[in-house]
Amino acid sequence: MSAPTRRGSRVREETVRFTFDGREYLGQRGDTAASALLAAGVRRFGRSVKYRRLRGVLTASAEEPNALLTVGRTPAVIPNVVAPQLEIVEGLELRSQNRWPSLDLDVASLLQAGGGFFGAGFYYKTFIWPSWRTYESMIRSLAGLGEAPRASELGEVAVEHLHCDVLVAGAGPAGLAAARAAARAGARVVLCERDPACGGELEFETGRIDGREARDWVGSVLAELKSLGVRVLTGTTLVAASGGEMIAHAEPGGLPGRNTMHKIVPRTLVVAMGAVERPIAFTANDLPGVMLLGAAERYLACYGARAAASAVIFANHDRAYPAALRLADGGIRIAALVDTRAEPEIGVPAARDALRLAGVRCLAAHAVLAAHGGRQVSGATIAPLADPARPMTIACDAILVSGGWSPALHAGVQEGGQREFDPLAGGFVARAQPEWRFVAGAANGALELGAVLVDAHAAGERAARRAGASGSAGRAPAGEGDAAPGWRPFWRSPAPRADEKRQFIDWQNDVTVADIRQSLAEGFRDIEHLKRYTALGFGGDQGRLGGLLGAAVLAELRGEPLAEVGTSRLRPPFHPVTMRSLAGLRAGAALRPARCTPLHAWHESHGAVLESMGLWMRPRYYRANGVDSFAAGIAEARRVRESGGIADGSTLGKIEVAGPEAAAFLDAMYLTRASTIKPGRAKYMVNLREDGLVLDDGLVLRVADDRFIATTSSGHGLHMLSHFEHYRDAEWGGRGVTLTDVTEAWAAIVVAGPRSRDALGAVLGAPWQVPLAALRHMDFARGSYAGHDLTVLRASFSGELAFELHCRPAIALALWEALIAAGLPPYGLEALDILRVEKGYLTTAEINGQTTPYDLGMESLVKLGNPCVGRELLGREAFHEPSRPRLVGLRAADGRGRFLAGAQLVVPDAPSRPLGHVTSTVYSPALGEWIGLALVARSHAADGTPLLARDPVRDGDVTVRVVPTVHFDPSAERMKA
Amino acid sequence: MTRLICPFCGPRHLREFEFHKTVAAEGGSAFARVYERVDSAELSIEHWQHVGGCRGWLLVRRNPSTGAVTDCQLVGGGEPA
Amino acid sequence: MSAPATCRLERRSAGPLLEFAAFGFPLGGAFVVGWPAAPGAVRHEPDGRPALLHFAPARWLAPAAEADVRALIAAAIEAGAGVAVDVEGKWQPFELHGDGADRVLAATLDVGAALEGRECAAVTLFDCPAVVTRLPGGYAIWIRASYAQHFEASVGRLLRG
C-alpha cells in the first residue's frame, strides 16, 4: 500500500500510519485526516445527523460540516474532530460517526425513505402520544453526532493572560499586511491564525506582491514580524472578542485535549479573518464528491492530494477559471466548467480560451441541476438556464462548486458593529465599528489582492495609532493576484418542488430548501425564526457556509430583497470550544481556593473531617470521637461540658481599628457604644445595615484608647471590612481612623470547659498565673508565649468557663499541642453548634439578614443605643407589627421528638399558614432531647405556646412548644465560675 | 472595551471589581438614601470596590446605556500622592 | 505550556511584618523623607530587597521591618500621618525565580501589565490575594497566609507541567 510521495506546501516526506474505520492507511507528516484519506481515494467520511445520508468532505477548513470523526477508542474517545484540521500522527485511530453497524451499511438510513417525516420542526409535532418518554431512549441513541466520552483523556488546559497594543485576527494577506504596518509603527502586536500555516489563500492562489511571488512575500513578512517582536499564534482561533478580553483558543494539531486559552487584552483589534467560500444549492448537492472549489485547490496545493479524478466545476464568478487551470495543471481532469453568468459577464476570456484549448467544455448561462450517483457522485445533470427542460449529463466523480465568498464577520459585528449587504462583494460586509476595532480585507468588501493589501495596511496603521504608537508604518504593499471575481447572484438551481427536499442548505443539520419553504408556510418568516425552526446555522460553522444561502432562498420565497431579509445574529464562540477549555485552570482541586488556618495540618493528620465553609477548611468533628458527625458531635460537646476541650477559631474575622477617631468611628458603626469600653475589656456588639436589619455580631476588644480589635463572624470577615471601609470613605469623611484586616495575623484557639482555666494555667506558666486568675468575664490580658504576642480573652460561646487565645500563627501549633497535652482534646463545628444552641447564642441562621434587633430579643441594646448606621430606619413602625418574627427556643412536646432546621411553624388548626420557621436544631446531650431556636410571629411567641413544626419533605410533623432561648444553665453560672 | 481604570492600580479587568450600589441623590431622607435610586439612561454614579486588587473604594460615573465609563475616582475625593 | 525546569518557587521564612495605615488621603506628598509616596512605589534596602511597598491607597507593607524602615515608620507616626499595625503571620512571602516565571504567572494574570508604571501591585494570583514586586531574575510575592497552600499547589501544578 505504498503510495508515491505527494508534494505540497504543508506535507513532508515522512510516512505516517493511521487507521480509519479499522483499515490502515498511509499518510505523510503534515497531512490532515481529510487530505490523507482523500489522497488514498476515500470519498465517504460519515453520515448526516438526521437523514443518515452518506457524506464526503465538503471543505478544507474548520467550517467542515460532514467529515467529523471520532478519535480513539471507547471509553476515551474524542468525538466530532474536524477532519480537515486534524493533523495525523503515527498510530492515530479514526472512526466515522453516526452510522451503525458500518459507514456503508447503516440500518437507520432506511429512515431516508421517510424523509418527509423529519422535516423542519418535527420534534414539535411528533413523538407526542402516549408520552415523549416512550420514544426518548430510541431517539437519544439515534440523535446527535458522535459518541460522548466516558473517560477523559483530555489532559490539562493551559491558560495565558497577555496584554498587547494591537491584536490582529487572521494571517492571510490582510492580516499579515495589517500586522506588519502596526508593528512597524511601534505597536506591540499579537497575530493569531487558526490554520497551522500563515498566508491564507496565498498558499494556492497565484499572485505577485512587491515584486515577488506571493508565497515568498508571506515568508519575508513573517521573518520581519519576528524581528519586530510580534507574537504569532498559529493553530489559534479567535473565538470570542468582546468585553475587553478576547479569547484565542489554540488547538495544536486540530485535536481537542492539548489546548491553550489565550486571554488577550488588546488596546485595539484588527479583524482580518477573510471570507468563507460558500456553495450553490442544487439537487443531491450533499453526495460525497461535491466539494467547494477552493477546498479542492487547497488539498492540491497544500497536500498534493487530488480530490477527484474528473471534476465538473460549477460557479458564478471569474475566479473559477484560473482555479480550473491550476487544478488541471495539478492532474485533475476538468470535464466541464459550468458558469451561471451569461457570456458578456465573463471577465477572463483569456483563461477561458486556455481552458477550451485544453479540452474543457466551458458553458455559460448554464447550471448544474443535480448530482447523480448512489454512494458518491458519478455524474452531473447540467442544463441551460434559459431552458432547463433540456438537460445533459456529464460523467465525473466530483462537482466542485463555488457560489462566492461570505466575509467572516463574527468579530466585526459583536459589541456594536454594523453590517450591510454589498451586492458587488456578494455578501454582508462590516460597516460602523466601535473606535477600538478595525476591519480589514474581505470583511470590508475588498476581494482583489491589491485592494486587500492597501486596505489592510491602512487598518493596521490606524489600529496602531489608536493604541498609542506613533512610528511610521511605511508604504503599503502593492500586489496583483486573481482579478476581482465579477460575481453575479445565483443561489440555487431550478428544481421541481419534489426535489427541493434534496437541495441542501445546511449540511450539518440536514436543512434543505423544502425546510425553508415549510418554515415560511408555517409563519416563521423572520430570519431568526427560520434559524431556530430549521436549525440552519446551528452547527460548527455557525452558518458561515449556508447562512447567507438560506437567507437568499428565504428572500426568494418571500419575494423580497436579500438586503432586507438579512442574516441572523452572530454569536461567540466562533468555533466549537470544549467545556474543559472554558474551565481552564479551574478544575479539580483548583476549582476554588481553600483557605487554611495555621492548625490545618494538625487537623488533617489527627482524623478531622474537614469541610469547606465559605472558602475556609474547618473541622466538623474528629473521627476518633464517633462513627459519624452526629455521634462525634454529641461526644465532643458532652466532653466539653464535663471536662473541657479546645477548638480552632482562627477563621474568626478580625479587624484592627486604630487612630484618634477610632472610638467615635466604631460608635457610628455599632448599635452600642464602643467608646465606653475600657482598655483591657471586650464587649458584645451588634451592627446594623443601613436599612435597620442586623448585619453581624461579634466582640470588640479595646486594646488602647485609640486601638480596637473588632471581631466578626467567620463567614463575614471580608464583608464587614468592606462595610467599614465603605462607610469610612463615603460618609465618615475618612480622617483619623484606619482599618486593617488582621484575620490571618492572629490564630484563635477557644479553650472551654470546667478544666479550662487550670489547663491553660499549666500551659502558660508562671508569668500568666496572676493575670489569668484576675480575668473576669470579658476581660483580656496581653503578654507573650514562646517569644510571641498572646492575648487571653475570657469569653464564652459555649456557656462554659472559657477563654479565647489570640496568638501569632508562628506559635499556634505549639500552643495547641501543649493544651492537648494538658488534657484538653479538640472539638469541631458540630460540637460547637450543639453548645451554642444549648445556650441560645446566635449565628447566621438567626442573623440571616431579615431580622431586626427587636426580633432577636436585643431590645436592651437598642435602648442603650446611639446614633449609628441603620438607627434611623430601625425606628420604622413596620418593625413592631405582630407579624414580625421573634426569636424563641423550641422543644418537642413529648420530650423526645426530632425536629429539624427549616421546618415551618404553624398552629395545628391552621396548618397552611406559616408563622415562622425553625432556624437551628441540635440533639442536646446536656438535656437528653432535641432542642432548637426559631423565629416565629410575635403573636405566637409566648412561652409555652404549642406549635406544629411541619416538615413534609423530611421527617414529617412534630408538635413543639415555645421555651426560653437559653436551654441550659440559664443563670450562666458555669461561665462565670 | 470594558476595563476599569483604578486610580491607584491602573487599568484592570472588570472581574477584579465588585459593584456595591448606585449612589442616591444628595439630600433626601434616610429612606430615600437607602431605597431610592436615580434612574437615568445617560449617567449612573456608582460605588465599586477593587476587591481583587488594592481594595480601594471607587466612585464611578458610567453610561448605563452603552456601558462606557466616563470617570473613576477614589471615593472621598482622595488622590493618591 | 509547562515552565522549564529552571523556574522555581521558594517559600521564604515569614518573620516580623508591619503594615502602615495612613489616616486617609490625599497624602500631600511624602510626609517623611525617603517615603515611597507614589502609588505602587517601593523603597529598597541598599542590597536591593524591597523594604516598604505602597500597595494600596493609604497602606504600606514593610516585609522585614528592619531597623531603618522601623525608624521611617516611627517618624511617620510622629508626624501624625497614620498608625503601624503588627501583622506578623498575615502574609506568606514567596520568591519565583527563573526563565519560566512570567509564563507561570501568565496563567493567572499578565503581571507585566499590572506592574506597568509602578514597582509593586496588589493583585489576585490563582484566586489568592497577593502583593507582587520585581526582583532581579524573578518576582517577590506575598500571599495572604490562609491562601498560601492553595497558591503553592497551583504553581506546583504548572511547574510540573
Side-chain angles (χ1 to χ4, degrees), chain A residues 156-164 252 258-260 262-265 584-586 588-590 592-598 600-601 615-617 650-651 656 658-662 706-707 728-729 732-747 788-789 807-810 812, chain C residues 1-3 13-26 56-59 77 80-92 102-114 116 124-129 143-151 153-154 157-158 160-161:
Chain A
E156 298 273 324
V157 168
V159 176
E160 185 192 10
H161 290 80
L162 70 134
H163 283 62
C164 64
R258 298 188 299 264
N259 305 358
T260 303
H262 300 276
K263 301 198 174 177
I264 306 174
V265 180
L585 296 181
R586 282 212 174 73
R592 69 172 85 81
R595 295 182 75 177
C596 301
T597 71
H600 182 80
L615 295 187
W616 285 101
M617 294 304 289
S650 302
T651 60
E656 187 154 326
E661 302 291 314
D706 61 351
R707 202 175 281 254
R728 181 196 61 181
D729 291 349
W732 178 254
R735 303 286 168 262
V737 59
T738 65
L739 301 160
T740 306
D741 186 348
V742 292
T743 302
E744 283 135 314
W746 295 102
H788 290 261
D789 295 328
C807 69
R808 293 294 176 194
Chain C
M1 267 181 268
S2 61
S13 61
L17 204 61
L18 287 181
E19 278 185 31
F20 180 82
F23 291 137
F25 35 81
R59 193 169 293 281
I77 296 171
V83 302
V85 181
D86 187 336
V87 293
E88 184 192 319
K90 176 178 175 182
W91 298 98
Q92 172 60 52
D102 282 315
R103 209 66 177 287
V104 166
L105 292 178
T108 181
L109 183 78
D110 185 341
V111 180
E116 198 163 309
T124 305
L125 300 175
F126 302 107
D127 296 330
C128 308
I143 300 286
R144 286 288 286 271
S146 61
Y147 292 87
Q149 201 165 319
H150 179 84
F151 177 73
S154 302
R157 263 190 293 275
L158 291 175
R160 282 193 303 278

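Per chain, numbering begins at 1; letters A, B, ... match sequence-line order.
Using a 4.0 Å cut-off between charged side-chain N and carboxylate O, Lys90(C) and Asp741(A) make no salt bridge.
The two residues Arg707(A) and Val83(C) have their closest heavy-atom pair at NH2-CB, 4.0 Å. The two residues Arg592(A) and His150(C) make their nearest non-hydrogen contact at O-CE1, 3.7 Å. What you find for Pro809(A) and Gly89(C) is that their closest heavy atoms are CG-CA, 3.8 Å. Looking at every heavy atom in both residues, Leu109(C) comes nearest to His161(A) through N-ND1, 3.5 Å.
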Give the intermediate values and the outcome of side-chain contact (heavy atoms from CB on, under 4.5 Å) for residues Val742(A) and Glu19(C). CA-CA 10 Å; Val742(A) 292; Glu19(C) 278 185 31; over 6 Å; no
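Counting heavy-atom pairs under 4.5 Å between each of His788(A), Met617(A), His262(A) and chain C puts His788(A) at the top.
The part of His600(A) that comes within reach of chain C is its side chain, from C-beta onward, which places non-hydrogen atoms under 4.5 angstrom from that chain. Using a 4.5 Å cut-off between heavy atoms, Gln149(C) touches chain A through its side chain atoms alone. Heavy-atom distances place no part of Ala114(C) under 4.5 Å from chain A, backbone and side chain included. Of the two parts of Ala594(A), only the backbone, made up of N, CA, C and O, holds a non-hydrogen atom closer than 4.5 Å to a non-hydrogen atom of chain C. Contacts of Leu162(A) with chain C are made by both backbone and side-chain atoms, with heavy-atom separations under 4.5 Å.
His163(A) and Glu116(C) are not linked by any side-chain donor-acceptor pair at a separation below 3.5 angstrom, with hydrogens and angles left out of the test. Between the side chains of Arg59(C) and Thr740(A), a donor-acceptor pair is found at a separation under 3.5 Å.
Side chains of Glu656(A) and Val87(C) form no contact here, defined as non-hydrogen atoms less than 4.5 Å apart. Between Phe23(C) and Glu661(A) there is no side-chain heavy-atom pair separated by less than 4.5 Å. Contact annotation: the side chain of Val159(A) never approaches that of Thr108(C) to less than 4.5 Å [non-hydrogen atoms, C-beta and beyond].
A distance of 6.0 Å separates CZ in Arg144(C) from CZ in Arg595(A), rounded to the nearest 0.5 Å.
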